[in-house]
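Numbers restart at 1 for each chain; the letters A, B, ... are given by sequence-line order, proteins then strands.
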Protein chains: 2
Amino acid sequence: MTQIDAPRASIRPTVDDTAYRTAQHAGAQAPEGPSKLGRKRDHTRDPEILEAALDVLADTGYDGMTIDMVAARAKAGKATLYRRWPSKAHLVLDAVACMKQNQFDVDGLPDTGTLRGDLVAMIKPHTLEDAERKLQIMAGVVSMISRDPGLAEVVNAAIIEPRAAVNRILMQRAQERGEISADADIDTLAMISPSMAAYRTLILKKPVDREFVLSIIDGVLLPALGLAVPAPQPA
Amino acid sequence: MTQIDAPRASIRPTVDDTAYRTAQHAGAQAPEGPSKLGRKRDHTRDPEILEAALDVLADTGYDGMTIDMVAARAKAGKATLYRRWPSKAHLVLDAVACMKQNQFDVDGLPDTGTLRGDLVAMIKPHTLEDAERKLQIMAGVVSMISRDPGLAEVVNAAIIEPRAAVNRILMQRAQERGEISADADIDTLAMISPSMAAYRTLILKKPVDREFVLSIIDGVLLPALGLAVPAPQPA
DNA sequence: CTGATTCGAGACTGGCAAGTACCGTATATG
DNA sequence: CATATACGGTACTTGCCAGTCTCGAATCAG
């Protein structure tokens, strides 16, 4: 994990709360963990807060984002956020890292019998929208990456790598059934589509739509693998 | 050009300077242009200031950059900067736009007789370093792009498009001498290398070195164009 | 040489946001 | 049902930085 210089010893809340105002009872010098009494922290809200953070991140970017925005969107108090994450940076890092969850499962991947069929079958409105949002989040976090190099891996693992992994699997299957050469540089090829989509969203601000993905499949991937590109269908 | 909401009518300095303190002489209500007397503005320093801005941008990003940093690096006063650009955003925009200058000239491009030879000849230490810095600058500006969509075009035109243009020219020549098919989707293919380099620098924080560029040339471009990839040379 | 202006340097101001403290209320534990 | 704690709000503190202003020195026009 990437280490951010925590302003204080994390884990324990930095926020003043009743525990710290009142609980001077024991002479214990080290203010150890919370006693077992009283109300417990409601961790079911964590995902909602993280999700709110991602939303804000996606449409204002890291530097434009404020903790108040996140709190408001999550209908939570600002102090609640600081009880769980010691700083804005930690919160964002956690939010991005959690995106690694709910990814494609291998069994749900298309299996049409041809590589092109599989690749085209991956172009679904839901998939495109999901990718759009993730790239938007990535854009919001780019500036932060230079400050914390470890974050680079987290972002890549959460956003781009899953896509590339799908492509690799589809190409490997194609190799196994002899559709494409065993010499093909699959690792590089699998990164093309995610990379170009990222560039298109981050810098060009143009949509990553069906047409664009098709132009990569038919203009780059299939030719590079020595596969025939079907003639465009007449309308 | 992208329009930023100028805090005031630009061109004329927003900074209070002697001209404005003293020159209430004429009854002219419109505070028109500077009179022809006195010291003239030293425009030879503009490029130095812009260059300083790009340096700071490259290693702190837009939001991390302060006007004081730029002024210090350029050994200029902060007021001097505000005399020339009405805001930080204008300064940065101008700096990025000025990168469009000093680009490759068409006649200096390699012409080895084969596409691969030309592409490989483009991999020079100087070229790689230059690209590295530009991508660093791009990373610093990404967050700003979402706020000013017009900036997207400026960044693309200044940083990525020149590279793509070179690739297009080299591929067009290859087409003309019959080395590659006339059907090849040159526009898309020319964007691959710049896009992947951008992704590699911005997100992966890995170097765009000779090895990486070669893997794109030999793993993607040449196969996609139906050209043979030379076997790796034994050491 | 004189006056208008720019320059670099740095003090000053105003606003914004991270992080903290406090409050009244809600809730789990015993 | 009593206590200790977390909760949503909100007011507060602090530090940073864009943008302005001031000043003494330099520079150019006439």
Side-chain angles (χ1 to χ4, degrees), chain A residues 4 6-8 10 12-26 33-46 48-49 52 56 60 62-92, chain B residues 4 6-8 10 12-26 33-46 48-49 52 56 60 62-92:
Chain A
I4 302 175
R8 317 201 169 243
S10 33
R12 294 297 143 241
T14 58
V15 173
D16 173 49
D17 217 342
T18 322
Y20 286 87
R21 285 211 309 280
T22 327
Q24 307 284 5
H25 42 60
S35 39
K36 266 60 188 174
L37 280 67
R39 186 176 177 180
K40 274 180 190 160
R41 195 165 289 171
D42 177 14
H43 279 287
T44 63
R45 300 226 45 203
D46 287 17
E48 300 172 39
I49 297 173
V56 176
T60 73
Y62 180 78
D63 298 281
M65 154 182 172
T66 71
I67 297 290
D68 291 272
M69 287 182 198
V70 178
R73 182 162 219 140
K75 297 193 203 316
K78 196 157 56 144
T80 302
L81 270 64
Y82 278 104
R83 262 179 227 115
R84 290 156 204 235
W85 297 275
S87 77
K88 176 179 168 183
H90 283 85
L91 168 64
V92 169
Chain B
I4 303 176
R8 313 193 174 253
S10 32
R12 295 297 143 239
T14 58
V15 173
D16 174 47
D17 217 341
T18 321
Y20 287 85
R21 285 212 306 280
T22 328
Q24 306 284 4
H25 43 61
S35 41
K36 265 60 186 172
L37 281 66
R39 186 176 178 180
K40 276 178 187 163
R41 194 165 289 174
D42 178 14
H43 279 286
T44 64
R45 303 227 41 204
D46 286 17
E48 301 172 39
I49 297 173
V56 176
T60 73
Y62 179 78
D63 297 282
M65 156 184 169
T66 70
I67 298 290
D68 292 88
M69 288 183 196
V70 179
R73 181 163 223 141
K75 296 193 203 314
K78 197 155 58 142
T80 303
L81 270 63
Y82 278 104
R83 263 181 226 109
R84 291 159 201 225
W85 296 275
S87 76
K88 176 178 168 182
H90 283 85
L91 169 62
V92 169

By nearest nucleotide on DNA chain D, pick out whichever of B:M69 and A:R39 is the more 5' one. A:R39
At less than 4.0 Å, is any side-chain N or O atom of B:T80 found next to OP1 or OP2 of C:dG8? Yes or no. yes
So, is B:R84 near the phosphate of C:dT6, with a side-chain N or O under 4.0 Å from OP1 or OP2? no
Taking CG from A:L91 and P from C:dG19, how many angstroms apart are they, rounded to a whole number? 10 Å
Measure the spacing between NZ of A:K88 and CE of A:M65 and express it to the nearest 0.5 Å. 6.0 Å
Write down the distance between CG (B:L81) and P (D:dC21), rounded to a whole number of angstrom. 17 Å
With sugar-phosphate meaning primed atoms plus P, OP1 and OP2, does A:A71 contact a base, only sugar-phosphate, or nothing at under 4.0 Å between heavy atoms? nothing
Expressed in angstrom and rounded to an integer, what is the separation of B:K75 atom NZ from C:dG10 atom P? 13 Å
Where the side chain of A:K88 is concerned, which of D:dC17, D:dA6, C:dA18 is the nearest nucleotide? C:dA18
CE/B:M69 to OG1/B:T60 distance, rounded to the nearest 0.5 angstrom? 5.0 Å
I want to check one thing: is the phosphate of C:dT27, taken as OP1 and OP2, less than 4.0 Å away from some side-chain N or O of A:K40? no
Looking at A:A74, is its backbone amide N or carbonyl O close enough to the side chain of A:R45 to form a donor-acceptor pair, meaning the two atoms are under 3.5 Å apart? yes
To the closest 0.5 Å, what do you measure between OG1 (B:T66) and NZ (B:K78)? 8.0 Å
Rounded to the Å, how far apart are B:H90 NE2 and D:dA18 P? 15 Å
When A:I67 and A:A79 are each assigned the nearest nucleotide of DNA chain C, the 5'-most assignment goes to A:I67
note: B:R41, atom CZ; C:dC7, atom P; distance rounded to Å ~ 6 Å
Using a cut-off of 4.0 Å on non-hydrogen atoms, how would the nucleic acid contact of B:K78 be classed: base, sugar-phosphate, or nothing? base
With sugar-phosphate meaning primed atoms plus P, OP1 and OP2, does A:M65 contact a base, only sugar-phosphate, or nothing at under 4.0 Å between heavy atoms? sugar-phosphate
